[in-house]
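The structure under discussion appears below in the form of structure tokens.
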Amino acid sequence: MGSYLEDLALEAVTALVGHGDVNEFLINKIVNRARNRPHPWSTRYPYICWSGLTDRTYNARLLPPATYPATEALGTRKPPIADVVALFAADPAGQRRCPKSTCLFPAFAQYLTDGFIRTMMSNTAEDRRRTTSNHEIDQSPLYGRTEEQTDALRLKSSAPGMKGRLKSQQIGGEEFPPFLYGPDDRVKDEFRGLDLPLGIDHTTPATRKTLFAVGGDRANANPQVAMMNALFLREHNRLAGLLEVGNPAWDDERVFQIARNIVIVMFIKIVVEEYINHINTSVFKFAADPQVAWKAKWNRPNWMTAEFSLLYRWHSLVPQKLEWNGAAIDGTAMNLNNELLISGGLANAFVQVSANNATELGLGNSADFLVPVEAKAIAQARSNDIASYNDYRRAMDMESADDFGDIVGESDDPVESARRLALARELDRLYGEPDNVEFYVGLFAEPRNENGPLPDLLLAMVALDAFSQALTNPLLSHHVYGDPENRKLAFTPEGLVEIENTKKLRDILVRNATGTGERFVGMTRRDWRRA
């Protein structure tokens, strides 16, 4: 998208008056760039049929599968995965750094997407087309995907001061989720309905004892993600306390449900007003105004697409090593290990993650321990018969690449120019024609935008899906948030004040973690300057 958002913002500012008008104009332009939901296709069948249109255990599709009917006609060629995945591995000399993002950005991106991008974890091609997603931004890593999981995580107490709470424990004077495993190295009986953490087979008893009982199987992935869940657990329980005091006649159930409403909308505000504004390349700042969606033609029920599941694999943003309290810790040592979070505390974890600069998104920059994950993503794209990179450029109303130089772009820096030229030659060797370049490869072959962390096509598709899936949340509908009486019933006046006072993760952290003080917590590097 390069200057896409900048150009849109300039167009809006010259045509409209008022932040709300510009906000609505821009969001509609971004979302209407491609076809709106409902999509005609899903990953269940390579043709349009009732089951394919309604079975949400499969992902939807933005474009029809490439193999139906025209793979051979297109002349598509697929090089061996081992050759393709080599494109993703970082140079032995080290990873390129992102000039805009701290590591809080990829940490939040992982926590956000783990709630709704849920491909079934299996090596079978069939399972790589299926999903366990609820297709909503519903904070399922905190609350669980099912009613059974939610019940297991709730305290369910009528005792004064305990209504509506999620289960938690105190460690060193700080609140954390309870542990998943008991002293006998077995999952506690009360948590047997939860999804086991992904990668649990590669842990030791020492590692397992720090794993939390949480709603998502990825919410223990590393301390950077676990800290997000711990933060929102504290905020939920804090809000439950406020609601109980303000509404003493309410039972445990109502306190819990209203606190959850508030947390979900707070989370969506952060998605738009901190996360999307960090991705944003323009000077205009987006607002999480639900009115934008109320009469929009794109206001349709959410259904995550196979393409969305792939384009959010931002592995190259993650450094090989993370600096934490003066020590360089390899990423492999952080997997399923919450000790760093527990020992240092929540405020310190956010400060440490924010103090590390993210690496640059793109080919040739993935840490060693994430390269095998790139291979799985390529295999998933092929199992789902995802169309080509150029097909998605055209679907997003962008010019297709006529040669490999169009994909990798140009640079005035001699070293960067040489890297891109070498990448173009390798893409030529592997694919022969630009139309043969796979979607997943082309996404990350493009150069990062000058004023943002993402490249063109990726930014366009992320912006489209982010707005059309966040602002369509049922809690933000015209009949809930847009009705003054229903808004008070769903959130309470005191809850609405808390929502209004929340724009960034730091706002919630200050309310829930001593020791934050004036220390820096943010997704955008303090030394970043607009080009």
Side-chain angles (χ1 to χ4, degrees), residues 102-105 107-108 111 139 141-143 153 155 157 159-179 209-214 219-220 222-246 255-256 259-260 262-263 266-267 269-270 273-275 322-327 329 334 337-356 494-495 497-524 526:
T102 73
C103 284
L104 188 64
F105 171 54
F108 184 81
Y111 183 69
Q139 276 289 63
L142 178 64
Y143 296 113
L153 294 165
L155 186 60
S157 172
M162 291 291 109
K163 290 180 182 177
R165 303 296 185 100
L166 290 166
K167 292 176 181 175
S168 65
Q169 62 175 324
Q170 292 289 319
I171 306 175
E174 293 202 54
E175 186 178 25
F176 291 100
F179 289 131
K209 73 178 183 180
T210 67
L211 297 178
F212 296 130
V214 290
N220 280 294
N222 52 52
Q224 303 96 294
V225 174
M227 73 183 191
M228 297 286 176
N229 216 56
L231 176 66
F232 284 102
L233 177 140
R234 291 187 191 183
E235 181 68 351
H236 174 98
N237 285 348
R238 186 188 72 86
L239 290 167
L242 291 177
L243 292 172
E244 183 180 357
V245 170
V255 173
F256 170 79
R260 176 160 66 171
I262 298 168
V263 168
M266 276 185 180
F267 187 69
K269 275 199 72 179
I270 291 170
E273 297 188 2
E274 182 169 21
Y275 175 72
L322 203 68
E323 294 290 330
W324 197 291
N325 288 336
I329 303 173
M334 305 190 84
N337 184 356
N338 292 327
E339 181 57 35
L340 287 173
L341 168 59
I342 294 169
S343 62
L346 190 63
N348 191 60
F350 273 87
V351 169
Q352 294 296 324
V353 171
S354 301
N356 281 266
E494 57 265 44
V497 170
E498 298 296 323
I499 291 170
E500 178 64 26
N501 291 335
T502 304
K503 295 182 181 298
K504 295 186 176 183
L505 286 168
R506 195 181 197 285
D507 297 331
I508 302 178
L509 186 68
V510 169
R511 298 196 291 257
N512 290 280
T514 58
T516 306
E518 298 301 317
R519 296 194 293 172
F520 172 70
V521 173
M523 299 183 193
T524 302
R526 286 177 290 182

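Just so it is clear, the structure is predicted and the values come from calculations on it, not from any experiment. Numbering of residues begins at 1 and proceeds along the displayed sequence.
A donor-acceptor contact shorter than 3.5 Å links the side chain of Q352 to the backbone of N325. A donor-acceptor contact shorter than 3.5 Å is absent between the side chain of N222 and the backbone of M334. The main-chain N or O of F212 is found under 3.5 Å from a side-chain atom of N220 such that the two form a donor-acceptor pair. One N or O on the side chain of E174 and one on the backbone of L346 form a donor-acceptor pair closer than 3.5 Å. No donor-acceptor pair closer than 3.5 Å links the side chain of K504 to the backbone N or O of G522.
Of all heavy-atom pairs spanning G161 and E244, the tightest one is N-OE2, 2.9 Å. The shortest non-hydrogen separation linking I329 to L340 is CD1-CD1, 3.6 Å. Of all non-hydrogen atoms in T514 and A347, the two that sit nearest each other are O-CB, 3.6 Å. In terms of heavy-atom proximity, A213 sits nearest to L153 at O-CD2, 3.5 Å. Scanning both residues, A240 and R165, for their nearest heavy atoms gives CB-CD, 3.8 Å. Closest non-hydrogen pair, S168 versus L233, comes out as CB-CD2, 3.8 Å.
F108 and Y275 have tilted rings, their planes meeting at an angle from 30° to 60° on a 0 to 90° scale. Ring orientation note: the planes of F267 and F232 are nearly perpendicular, at an angle over 60° on the 30°/60° scale.
The line from CG of L166 to OH of Y143 is 6.0 Å long, rounded to the nearest 0.5 Å. The distance from the CD atom of E235 to the CG atom of N512 is 5.0 Å, given to the nearest 0.5 Å. Interatomic distance, F179 CZ to I342 CD1, rounded to the nearest 0.5 Å: 4.0 Å. In this structure, the separation between CD1 on I508 and CE on M266 is 6.0 Å, given to the nearest 0.5 Å. The distance from the CZ atom of R238 to the CD atom of E175 is 11.5 Å, given to the nearest 0.5 Å. In this structure, CG in L505 is found 5.5 Å from CZ in F350, a value given to the nearest 0.5 Å.
Residues Y111 and L142 are in side-chain contact: their nearest non-hydrogen atoms beyond the backbone lie under 4.5 Å apart. Using a 4.5 Å heavy-atom threshold, the side chains of M227 and F176 count as separate. In this structure the side chain of L239 never reaches within 4.5 angstrom of the side chain of E494, judged on heavy atoms.
Residues R506 and S354 have side chains that never bring a donor and an acceptor to within less than 3.5 angstrom of each other.
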**Candidate pair W324 and N348, rule side chain to side chain contact (heavy atoms under 4.5 Å, CB included), full reasoning** = CA-CA 9 Å; W324 197 291; N348 191 60; 4.2 Å; yes
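In summary, of the residues considered (E498, E273, E274), a salt bridge (Lys or Arg N to Asp or Glu O under 4.0 Å) with K503 occurs for E273 alone.
In the displayed structure, K167 atom NZ is contacted under 6.0 Å by more than 12 heavy atoms of other residues, nucleotides or ligands.
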